[in-house]
Structures are given as C-alpha cells and as structure tokens.
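I have placed the structure first, in the form of structure tokens, so that the comments after it can refer back to it.
All heavy atoms count here, side chains included; hydrogens, waters and symmetry mates do not.
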Amino acid sequence: ELLTMFFNSVTNGGKTTLAEKLKDMLPNCDIISQDDFFKPESEVETDERGFKLYDVLDALYMDEMVTSIHNWMKSPSSSGVSAEEPQNTCDNLKNIYILIVEGFLLYNYEPLNKLWNRRYFLTLPYEECKRRR
C-alpha cells in the first residue's frame, strides 16, 4: 500500500524539519522536496526591481517533480528508501510505503492535487515567520 502525504507552508515554515523527523520514525518512508527542483539562477525571471522571482511556480521544474513522484509510486521499494528499521515502529505500518512531499507551492500546481492521499498545511505566526526568514 502507498501513502503520499503533502506538507505545504510558507518558506521556513518547518516542513523539512517535520518531514525528516517523520522519516526517522516511520518505516519505508521517503521524502521528495520541492526545493530540489529549483531552476538555475540564470533561468529564474527577475522583477522590475531586479529581484529574482523564486517564489513562483515558473522558478521550479514542476513537471520533473511530478515525474519523480510518479516514479516513486511505481516502484517505492527500489526508490532508495532506507531499509533500516526506525525506532518505535508500529507493526501495522511495515507493509505501507510512505512518501512525504514537502514544499511551499504544492497546492498551486494542479497535477500534484491528483497524487496525494493526505495533505497538511503548516501555519506559524507572522512574527515567527519573519524571524526565520
């Protein structure tokens, strides 16, 4: 059985930290991060003030991300998922392969909305978000 969980939030919202902690706790768990699909700086558009527009879908190779998720779903056992047994593993999770997809624009890309079993939006107070940035 496959379980895909999508974590979405603002940048620096704790998505990667949560995903990594869950991966350490869950058997057969892997992570795909949207951050791994940014285009090179030379391909990212610049606004009228000269700032690179990294916070838009066009700054990412989203089709490649979807392909990576599809490839994982076709063959999760050969995807490089750790064979190590996490501590405190529940027996009823041993036959489930879990993919955590984390990013800040996941719900804005329609092809991804067909792939998740569960989705979570992480929020944090504005002042904490500002401090982290």
Side-chain angles (χ1 to χ4, degrees):
E1 184 177 346
L2 301 178
L3 174 62
T4 53
M5 301 189 306
F6 282 31
F7 295 167
N8 196 72
S9 101
V10 296
T11 55
N12 299 304
K15 303 173 296 294
T16 303
T17 301
L18 176 60
E20 288 173 356
K21 287 184 188 242
L22 286 171
K23 182 178 179 176
D24 289 343
M25 296 170 51
L26 299 169
N28 304 322
C29 184
D30 206 358
I31 299 170
I32 292 179
S33 174
Q34 191 175 37
D35 287 349
D36 294 335
F37 296 91
F38 273 105
K39 292 178 180 177
E41 186 176 341
S42 62
E43 294 182 36
V44 176
E45 290 186 33
T46 305
D47 71 8
E48 64 279 352
R49 297 173 295 165
F51 292 106
K52 291 287 185 179
L53 298 173
Y54 284 106
D55 57 350
V56 296
L57 286 171
D58 286 341
L60 297 146
Y61 292 119
M62 294 302 295
D63 290 341
E64 288 181 21
M65 183 178 190
V66 171
T67 298
S68 293
I69 295 168
H70 279 292
N71 289 341
W72 185 94
M73 293 172 83
K74 286 178 196 169
S75 185
S77 61
S78 65
S79 65
V81 172
S82 173
E84 280 182 32
E85 186 77 15
Q87 296 178 350
N88 305 320
T89 299
C90 299
D91 285 338
N92 59 349
L93 291 177
K94 289 184 179 179
N95 295 321
I96 298 174
Y97 287 89
I98 302 166
L99 177 63
I100 298 171
V101 180
E102 60 95 1
F104 67 105
L105 290 171
L106 299 179
Y107 306 152
N108 298 50
Y109 192 66
E110 188 59 35
L112 289 177
N113 288 327
K114 299 172 183 141
L115 301 178
W116 51 265
N117 298 99
R118 303 275 189 276
R119 68 180 184 171
Y120 303 92
F121 186 81
L122 309 178
T123 61
L124 68 153
Y126 174 78
E127 288 304 317
E128 178 63 16
C129 180
K130 186 176 174 183
R131 185 191 68 76
R132 289 181 182 191
R133 285 184 153 209

Intermediate values then yes/no, side chain to side chain contact (heavy atoms under 4.5 Å, CB included), Tyr109 and Val66: CA-CA 10 Å; Tyr109 192 66; Val66 171; 3.6 Å; yes
Take Glu41 and Tyr54, measure what side chain to side chain contact (heavy atoms under 4.5 Å, CB included) needs, and give me the verdict at the end. CA-CA 9 Å; Glu41 186 176 341; Tyr54 284 106; 3.3 Å; yes
From CA spacing to verdict: side chain to side chain contact (heavy atoms under 4.5 Å, CB included), Leu115, His70: CA-CA 8 Å; Leu115 301 178; His70 279 292; 3.5 Å; yes
Walk me through whether Leu60 and Met65 qualify under side chain to side chain contact (heavy atoms under 4.5 Å, CB included). CA-CA 9 Å; Leu60 297 146; Met65 183 178 190; over 6 Å; no
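Cluster annotation: Leu124 is not connected to Tyr120 through the hydrophobic network of ILVMFWY side chains, with a link wherever side-chain heavy atoms come within less than 4.5 Å. Cluster annotation: Tyr126 and Phe121 are assigned to distinct hydrophobic clusters (Ile/Leu/Val/Met/Phe/Trp/Tyr, side-chain heavy-atom contacts under 4.5 Å, transitive). With hydrophobic clusters built from ILVMFWY side chains whose heavy atoms lie under 4.5 angstrom apart, Leu57 shares a cluster with Phe38.
Here the straight-line distance linking atom CG of Asn8 with atom CG of Asn108 works out to 7.0 Å at 0.5 Å rounding. For the atom pair CG of Leu112 and CE of Met62, the computed distance is 4.5 Å after rounding to the nearest 0.5 Å. In this structure, Met5 CE and Leu99 CG are separated by 8.5 Å, a value rounded to the nearest 0.5 Å. To the nearest 0.5 Å, the span separating CD1 on Ile98 from CG on Leu22 amounts to 8.5 Å. The distance from atom OG of Ser9 to atom CZ of Phe104, rounded to the nearest 0.5 Å, is 10.5 Å. With rounding to the nearest 0.5 Å, the separation of CD1 in Ile32 from CH2 in Trp72 is 8.0 Å.
Glu128 and Arg132 are joined by a salt bridge, as a carboxylate oxygen and a charged side-chain nitrogen come within less than 4.0 angstrom of each other.
The closest donor-acceptor contact from the side chain of Asn117 to the backbone of Thr4 lies under 3.5 Å. For the pair Tyr107 (side chain) and Phe6 (backbone), a donor-acceptor distance under 3.5 Å is present. Counting only distance, with no hydrogens or angles, the side chain of Glu102 and the backbone of Ile31 share no donor-acceptor pair below 3.5 Å. Side chain of Glu64 to backbone of Phe37: no donor-acceptor contact under 3.5 angstrom is found.
Of all the heavy atoms in Leu53 and Ala59, the pair that sits closest is O-CB, 3.4 Å. Across all non-hydrogen atoms, the minimal contact from Asp58 to Lys39 is O-NZ, 2.8 Å. For Phe7 against Lys15, the heavy-atom pair with the smallest separation is O-CD, 3.7 Å. Across every non-hydrogen atom of Ile96 and Leu3, the tightest pair is CG2-CB, 4.1 Å. Taking all atoms of both residues into account, the shortest heavy-atom contact from Cys29 to Ile100 is SG-CD1, 3.7 Å.
Enclosure of atom CD in Glu43 by more than 12 non-hydrogen atoms of other residues, nucleotides or ligands within 6.0 angstrom is indicated. More than 12 heavy atoms of other shown residues, nucleotides or ligands fall within 6.0 angstrom of atom NZ in Lys52.
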